[in-house]
Each structure stands twice: as C-alpha cells, then as structure tokens.
*Asks:* 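Just dropping this structure here.
Computed from a predicted structure; not experimentally measured.
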Amino acid sequence: MTVLQIITYPDERLKQESEPVRDFDDSLRAFIADLDETMHAGPGGVGIAAPQVGHFRRIVIVDVSGRKNTPNHGHLVLINPDITEWEGMKAGREGCMSVPDFTGKVIRAERIHLKAQDENGEWHEYDMEGFEARAVQHEVDHLNGMLFLDRLVSRRHDLFKRKVYQDKSK
Ligand code: NI
C-alpha cells in the first residue's frame, strides 16, 4: 500500500467534479487500500475523498469510530454516495487534509439518510447523525468540487488558523 500525495488549497483541481464509479474491480480495491492508508497517515484521519489525491471518482472513506461518544457505523467505504434526506442544522468545527492550516465553523444537517455502494458494488443505506453525518457531508462536498471554505458564513468570524490554537495550548 502507498500513502498518496494530498492536493491542498488553493489548487484548482479541488474544484473539479468527480465521476461515478462503474467498475468494481481489483484496481478499485487497490486504490481504496491506498486511500485508506493516506487517510490514516494524516492528522485527524476521520475522512478522505478520492479527488483529494487527484483521483476524480466518487469514492470516500469515513471512520469516526475513534471518537468518544460518537454514534457511528465503523469504517465506511462509500462509493457513489447519495444523500437523500437532511434534517436539522447545526454549526460545528471542521478541518480538512486539503486545508492544513485552518479549521472552520460550518453549518451542516444533524441527521442524514445516505445510499452508497461498497467496494463490491453492493448498495447500502444508512441513517446517520452528529459527527459521522457531518464527516460524510464534508466528504461528499469534495466529490462536487466544494471545500468547507466554500460553506463558511463569514471568513472573518468562522475561519480559524490552526497555529493560533496550537500556540494557546502551550
Ligand atoms: Ni476535506
């Protein structure tokens, strides 16, 4: 397995829309293994989308199972994900491997219903809430060429430099 290089903001490729996956073959599964390795190599490591490594296919991985008191479905490979229902709205802090120097306060649906295929092409449906639902919404945005930066209500009030927070904790 290989750790792939992450494309970072303001690289224009992050605005590209990704294409559906149609072939569920060994090369797809090999790519997913590399994508997973890349997610775990980064800080945070709760989610990654294929376009972040320059592979413009509708593939994301989300795994929030390492967070305390967070309802979750474990390690999820979501292919051609489709959010079909949104409920509630809540502001919360997000980071992104493609925006390493900042976090931002973003409003997302609190609960979602999601359909997605797995690495064998089988469809699954999920009801998600809280941080897991947030992570999925963030990763699906990547497939549509959007970053959390595009969803900030105000850059002045809702964008935070990571360095500032690290300095405060010293
Ligand atoms: Ni991201």
*Asks:* Other than F56, which residues form its hydrophobic cluster under the rule that side-chain heavy atoms must be closer than 4.5 Å?
*Replies:*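 Taking Ile, Leu, Val, Met, Phe, Trp and Tyr as members, F56 stands alone, with no cluster partners.
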
*Asks:* Rounded to the nearest 0.5 Å, what separates atom CD in E87 from atom CD1 in I112?
*Replies:*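 Nearest 0.5 Å value for the CD-CD1 distance: 11.5 Å.
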
*Asks:* Identify whether L147 and M97 are in the same connected component of the hydrophobic contact network (ILVMFWY, side-chain heavy atoms under 4.5 Å).
*Replies:*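 In one cluster with L147: M97, no.
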
*Asks:* Any side chain to side chain donor-acceptor pair (under 3.5 Å) pairs touching residues 140-156, not counting sequence neighbours?
*Replies:*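 Found R58-N144, R108-D141, H138-H142, D141-R151, S154-H157.
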
*Asks:* With a 4.5 Å heavy-atom cut-off, do D82 and T84 have their side chains touching?
*Replies:*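 Yes, their side chains come closer than 4.5 Å.
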
*Asks:* For E129, does its backbone N or O pair with a side-chain atom of E132 as donor and acceptor, under 3.5 Å?
*Replies:*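 Such a contact is absent between E132 side chain and E129 backbone.
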
*Asks:* Give the C-alpha distance, both sets of side-chain angles, the deciding distance and a yes or no for side chain to side chain contact (heavy atoms under 4.5 Å, CB included) between H113 and D127.
*Replies:* CA-CA 5 Å; H113 187 78; D127 286 304; 2.8 Å; yes

*Asks:* Return yes if some donor-acceptor pair links the side-chain N/O of R111 with the main-chain N/O of A133 below 3.5 Å, else return no.
*Replies:*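 No.
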
*Asks:* Are I61 and M128 grouped together when hydrophobic residues (ILVMFWY) are joined by side-chain heavy atoms under 4.5 angstrom apart?
*Replies:*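 No.
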
*Asks:* Shortest non-hydrogen contact from L4 to T38?
*Replies:*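 Closest heavy-atom pair between L4 and T38: N-OG1, 2.8 Å.
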
*Asks:* So, the side chain of E94 versus the backbone of K105: is there a donor-acceptor pair under 3.5 Å, distance only?
*Replies:*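 Such a contact is absent between E94 side chain and K105 backbone.
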
*Asks:* If you take the centroid of each ring, where Trp contributes its six-membered ring, are F31 and H55 closer together than 6.0 Å?
*Replies:*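 Under 6.0 Å, so yes.
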
*Asks:* Give me the other members of the hydrophobic cluster that V153 sits in, counting Ile, Leu, Val, Met, Phe, Trp and Tyr linked by side-chain heavy atoms under 4.5 Å, directly or via other members.
*Replies:*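 Grouped by the 4.5 Å side-chain rule, M89, I107 form the rest of the cluster around V153.
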
*Asks:* Report yes if the side chains of L76 and Y126 come closer than 4.5 Å at any heavy-atom pair, otherwise no.
*Replies:*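 Answer yes - side chains close enough.
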
*Asks:* Is T70 reaching over with its side chain to a backbone N or O of K68, donor-acceptor style, under 3.5 angstrom?
*Replies:*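 It does hold such a pair.
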
*Asks:* With the 4.5 Å side-chain cut-off for hydrophobic clustering, are V46 and V62 part of the same group?
*Replies:*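 Linked within one cluster.
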
*Asks:* Please determine if R93 forms a cation-pi arrangement with F160, meaning its NZ or CZ atom is less than 6.0 Å from the six-membered ring centre and no more than 45° off the ring axis.
*Replies:*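 Yes; both conditions hold, so R93 lies above the ring face of F160.
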
*Asks:* Do you know which two heavy atoms are closest between G104 and F148, and how far apart they sit?
*Replies:*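 The pair with the smallest heavy-atom distance is N-CE1, 3.5 Å.
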
*Asks:* One pair to check against side-chain hydrogen bond (donor to acceptor under 3.5 Å, both in side chains): Q117 and H124. What are the steps and the verdict?
*Replies:* CA-CA 6 Å; Q117 284 167 286; H124 301 271; over 6 Å; no

*Asks:* CG/N80 to CG/L143 distance, rounded to the nearest 0.5 angstrom?
*Replies:*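 Here the rounded value is 9.0 Å.
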
*Asks:* Under 4.5 Å between side-chain heavy atoms, chaining through other members, with only Ile, Leu, Val, Met, Phe, Trp and Tyr counted: pull out the rest of the cluster around M1, sorted by chain and number.
*Replies:*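 ILVMFWY cluster around M1 holds nothing else.
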
*Asks:* Under the side chain to side chain contact (heavy atoms under 4.5 Å, CB included) rule, what do I7 and Q52 come out as? Steps first, then yes or no, please.
*Replies:* CA-CA 5 Å; I7 297 173; Q52 291 182 273; 5.8 Å; no

*Asks:* Do V106 and I83 sit in the same hydrophobic cluster, where Ile, Leu, Val, Met, Phe, Trp and Tyr count as joined when their side-chain heavy atoms come under 4.5 Å apart?
*Replies:*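 No, V106 does not connect to I83 through the hydrophobic network.
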
*Asks:* What is the minimum heavy-atom distance between A135 and V64, and which atoms define it?
*Replies:*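 The pair with the smallest heavy-atom distance is CB-CG1, 4.2 Å.
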
*Asks:* Quick one: side chains of residues 21-28, donor-acceptor pairs under 3.5 Å with protein atoms, not counting sequence neighbours, listed by atom name and distance.
*Replies:*
from : atom 1 : to  : atom 2 : distance (Å)
D25  : OD1    : S27 : N      : 3.4
D25  : OD1    : S27 : OG     : 3.0
D25  : OD1    : L28 : N      : 3.0
D26  : OD1    : R29 : NH2    : 3.2

*Asks:* Please report the closest heavy-atom contact between A49 and V60, naming both atoms and the distance.
*Replies:*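 Heavy atoms only, the tightest pair is CB-CG1, 3.9 Å.
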
*Asks:* As an exercise, state the distance from CZ of F102 to CG of L159, rounded to the nearest 0.5 Å.
*Replies:*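 The CZ atom of F102 sits 5.5 Å away from the CG atom of L159.
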
*Asks:* Taking everything shown except Q5 itself, do over 12 heavy atoms lie less than 6.0 Å from its CD?
*Replies:*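 It does not: Q5 CD has 12 such atoms or fewer within range.
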
*Asks:* Among L14, I48, L149, V53, which one satisfies side-chain contact (heavy atoms from CB on, under 4.5 Å) with S98?
*Replies:*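 Single side-chain contact (heavy atoms from CB on, under 4.5 Å) partner of S98 among L14, I48, L149, V53: L14.
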
*Asks:* I'd like to know if the side chain of E122 and the backbone of D118 have a donor-acceptor N/O pair within less than 3.5 Å.
*Replies:*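 Between the backbone of D118 and the side chain of E122 there is no qualifying donor-acceptor contact (under 3.5 Å).
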
*Asks:* Linking I/L/V/M/F/W/Y whenever their side-chain heavy atoms sit closer than 4.5 Å, directly or via other members, would I59 and L114 fall into one cluster?
*Replies:*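 No, because I59 and L114 fall into different hydrophobic clusters, even though each may have its own neighbours under 4.5 Å.
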
*Asks:* Sequence neighbours left out, what passes ring-ring contact (aromatic ring centres under 6.0 Å, His included) with F131? Give chain and number order.
*Replies:*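 Result, ring-ring contact (aromatic ring centres under 6.0 Å, His included) vs F131: none returned.
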
*Asks:* When rounded to the nearest 0.5 angstrom, what is the spacing between CD in E110 and CD in Q137?
*Replies:*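 Going from the CD atom of E110 to the CD atom of Q137 covers 10.0 Å.
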
*Asks:* Can you check whether G95's main-chain N or O pairs, donor with acceptor, with T103's side chain at less than 3.5 Å?
*Replies:*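 No: the side chain of T103 does not pair with the backbone of G95.
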
*Asks:* Can you check whether D36 reaches M39 side chain to side chain, under 4.5 Å on heavy atoms?
*Replies:*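 Yes, their side chains come closer than 4.5 Å.
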
